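Inspection log for the structure reproduced underneath, given as structure tokens.
Note that the coordinates shown come from a computational prediction; the quantities given were computed from them, not determined experimentally. Note that ligands are numbered from 1 as they come in the structure, with each ligand's atoms numbered from 1 the same way.
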Amino acid sequence: MNELHKTYGPVYTIWLGWTPIVVISGMNLIKTAFNSKNNELMGRPKNSITETLLQSGSDVAFTNHGPVWASLRRVAHSAVRKLAISEKLSDLVDDVVSETTDTMIKTHPIGTPFNPKSFIYANVFNIIASSAFGKRYKFGDKELKYLEQSFEDFRTNTNDLVICDRIPVLKKLPKYANILRKTLQTLKGLSGFVRQQYMDHLETHSSGVVNDFCDALIEAKEESIQEAKESAAALIDTNLSLVIVNIFIAGSDTTQYTLRWILLLMANNTEMQIQMRDEIESVIGDRVATNEDRNECHFVNAFIAEVLRYRNVTPLGLPHVAMSDMQLDKYHIKEGAFVFGNLISVNRDPILWPNPEVFDPKRFLTSDGKFVSNIPGFHPFGIGRRVCIGEKLALADLFFITVRLLKSTNECVFALPTGDGSADLQPDPNILLLSSPKPYEIMLKIR
Ligand code: HEM
């Protein structure tokens, strides 16, 4: 997409069947498009995925801009932000990651190469499932494996699903019909499982007690009814259970894929990894990391921010849809067009980022080594009114997980069996819309 931008300019269209897909590049143009006060581009596409998920309900991620979406977004955003700053989160992450890492060390002793994917899944699922509906799994648990497999199957087949939706004649071919049926069944199973967790909470929820996102949303619903707020019409159980599905799906994949990049880039640059380990040792030592520590671990924060910039897992964000015609600069975007903001063109803009293809955490450090995140052109979480609601939580999760992983393996370093600097850093071409490293192996090595 970034190469096309260089050839065809800041706004170009690709046709997928009869659907025009407009790609907008450059920070200022994306800001103008996605912040427009008339909200022209604030829709989301309708397709077999969203139909299967939403049925007759509404949610945050796939519902068009409007009062229902705004009410749901407000309560979801507030619940997510509250958790991101609570000390409960660091204790939860510490506990989950220590347990998983112990298993990882036992099953893959020093010098044994392994693919860390399942350990990353176990960490992220447990953290999100605990935060969303209070569930924890042991590594290797059957239900956890089912969830991991469902996500994998869904991800592998999304490309075909998207193509079939835009070129429906393909659905008549047995190969595609089969994929479509199986994938939508998987999605139904996954979303049904998560929605059931919300429904179970309705039975057990005690007023005023908030242990997880389900409780927070039920409280918001009850408050809106008691105070006869306008939002009460939107905050109904069908919609709120879909919001939990949003948080679970949007939060899991993005955080996991970012961690896959973090681990790969740490193993590829062991000197930087040792600098992170030294900083953690001197700032945090043996205790559990706290929110205050986040302000003191400058290099760890800079490393994570650089991973988000350099290998942003959502290079095109989520698709938007033009809800009405829009004039953007000299370009006319027609109602119904799919619209993507090309975030690579921002996060790796050579004008904003010198040598953008070089991985260099120092970009996020001042000359006296202090971390700064509000750098123009740093937009891994999207731009405009539909920007990610999970940014604060994702940053907290990534920090606490990385810190615990390094603390639990402090006698060693994560290394590549093929040596420093040998990683393949090109994203896996089989995964659409998300950027993941190709499957890789790492090992623990004595420092
Ligand atoms: C590294 C982690 C993450 C990245 C890079 C990321 C990135 C993004 C991006 C680029 C968008 C699309 C913005 C747009 O359409 O313009 C988005 C939307 C969204 N994200 Fe995230 N995200 C991450 C983690 C999370 C987490 C942890 C949660 C929930 C707890 C979450 C929930 C959502 C939701 C609900 C939306 C839809 C917002 C809407 O349509 O109004 N994300 N995210």
Cationic tip of Arg195 above Tyr198 ring, under 6.0 Å, 45° of axis: no
Listed partners of Lys188 passing salt bridge (Lys or Arg N to Asp or Glu O under 4.0 Å), at least two apart: none
Sequence neighbours excluded - side-chain hydrogen bond (donor to acceptor under 3.5 Å, both in side chains) pairs with any residue from residues 35-46: Ser36-Glu40, Asn39-His65, Asn39-Arg385
Ligand-protein N/O pairs under 3.5 Å (ligand 1):
residue  : atom   : partner : partner atom : Å
ligand 1 : 15 (O) : Arg44   : NH1          : 3.0
ligand 1 : 15 (O) : Arg44   : NH2          : 2.9
ligand 1 : 15 (O) : His320  : NE2          : 3.0
ligand 1 : 16 (O) : His320  : NE2          : 2.8
ligand 1 : 40 (O) : Arg44   : NH2          : 2.7
ligand 1 : 40 (O) : Val60   : O            : 3.3
ligand 1 : 40 (O) : Arg386  : NE           : 3.0
ligand 1 : 40 (O) : Arg386  : NH2          : 3.1
ligand 1 : 41 (O) : Trp69   : NE1          : 3.3
ligand 1 : 41 (O) : Arg73   : NH1          : 2.7
ligand 1 : 41 (O) : Arg386  : NE           : 3.4

Any donor-acceptor N/O pair, His320 side chain to Leu41 backbone, under 3.5 Å: yes
Residues in side-chain contact (heavy atoms from CB on, under 4.5 Å) contact with Gln196, at least two apart in sequence or another chain: Met199, Asp200
Parallel, tilted or perpendicular: ring planes of Phe364 versus Trp353, cut at 30 and 60 degrees: tilted
